[in-house]
Amino acid sequence: MFDAWWFVGAVAVCGGITFGLRALPFVALKPLRDSKTVQRLSVWMPAGILAILTAVTFSDFASEPRTALWAALALAVTVGVHLGLGRRTLLSVGLGTATFVVLVNFF
């Protein structure tokens, strides 16, 4: 039998845990903001993560030349948009991803 209060309680507990886990890094980072190591990581980590994702993506398509070509074109779009339109990461990654999806699915 369905117990509404049990369901509400379970959703509240799951929501609280999710919120806590997402807030924890910000709370832990607050006292470290002045650390030189954290400042250096904040500069290099985004580029490093994107480089790793790019390498993994290209390694997945190495066996299929046509898809590798589409990935290379999408990468060129991503870099071009990023450098040409004011280094807007969300816009460049979004347009690069959209380019790749269109090329793979329609060509």
Side-chain angles (χ1 to χ4, degrees):
M1 189 157 130
F2 180 74
D3 185 7
W5 287 110
W6 182 90
F7 180 75
V8 169
V11 169
V13 168
C14 290
I17 290 170
T18 300
F19 178 79
L21 289 174
R22 290 180 186 223
L24 185 64
F26 295 102
V27 173
L29 188 62
K30 192 169 186 164
L32 300 173
R33 291 236 186 247
D34 295 329
S35 166
K36 293 234 184 253
T37 303
V38 172
Q39 289 174 0
R40 217 170 302 143
L41 284 173
S42 71
V43 170
W44 289 104
M45 270 185 73
I49 290 169
L50 287 175
I52 291 168
L53 289 172
T54 302
V56 169
T57 299
F58 277 105
S59 71
D60 285 347
F61 301 127
S63 63
E64 196 172 331
R66 186 179 191 132
T67 308
L69 174 64
W70 299 150
L73 287 172
L75 177 64
V77 168
T78 303
V79 171
V81 169
H82 188 72
L83 296 177
L85 296 178
R87 298 184 183 271
R88 295 183 182 144
T89 304
L90 199 58
L91 179 65
S92 60
V93 171
L95 287 176
T97 302
T99 300
F100 180 72
V101 169
V102 167
L103 289 171
V104 167
N105 288 309
F106 294 110
F107 297 102

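- Partners of S92 by side chain to side chain donor-acceptor pair (under 3.5 Å), not counting sequence neighbours, listed by chain and number: H82.
- Counting all heavy atoms, side chain and backbone alike, G96 lies closest to A74 at O-CB, 3.4 Å.
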Going by atom type alone, with no hydrogens or angles, which donor-acceptor pairs under 3.5 Å involve a side-chain atom of residues 4-13 and a protein atom two or more places apart or on another chain?
none

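- With sequence neighbours excluded, no residue satisfies ring pair (Phe, Tyr, Trp, His ring centres under 6.0 Å) with F19.
- Within 6.0 Å of the CG atom in L83, the count of heavy atoms belonging to other residues, nucleotides or ligands exceeds 12.
- Two different hydrophobic clusters hold V101 and V104 under the rule that ILVMFWY side chains link at heavy-atom gaps under 4.5 Å.
- Contacts classified as side chain to side chain donor-acceptor pair (under 3.5 Å) and involving residues 22-35 (residues at least two apart or in different chains) are not found.
- The shortest side-chain heavy-atom distance between T67 and F100 falls under the 4.5 Å cut-off.
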Side chains of residues 42-52: which donor-acceptor pairs under 3.5 Å do they make with residues two or more places apart or in other chains?
{"from": "S42", "atom 1": "OG", "to": "Q39", "atom 2": "O", "distance (Å)": "2.7"}

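- Scanning for side chain to side chain donor-acceptor pair (under 3.5 Å) contacts around T99 gives an empty result, with sequence neighbours left out.
- Transitive grouping of hydrophobic side chains (ILVMFWY, heavy atoms separated by less than 4.5 Å) brings L103 and L69 into a common cluster.
- Grouping the Ile, Leu, Val, Met, Phe, Trp and Tyr side chains by contacts below 4.5 angstrom, directly or via other members, places L53 apart from V77.
- Residue F107 holds its CZ atom at 10.5 Å from CG of L73, rounded to the nearest 0.5 Å.
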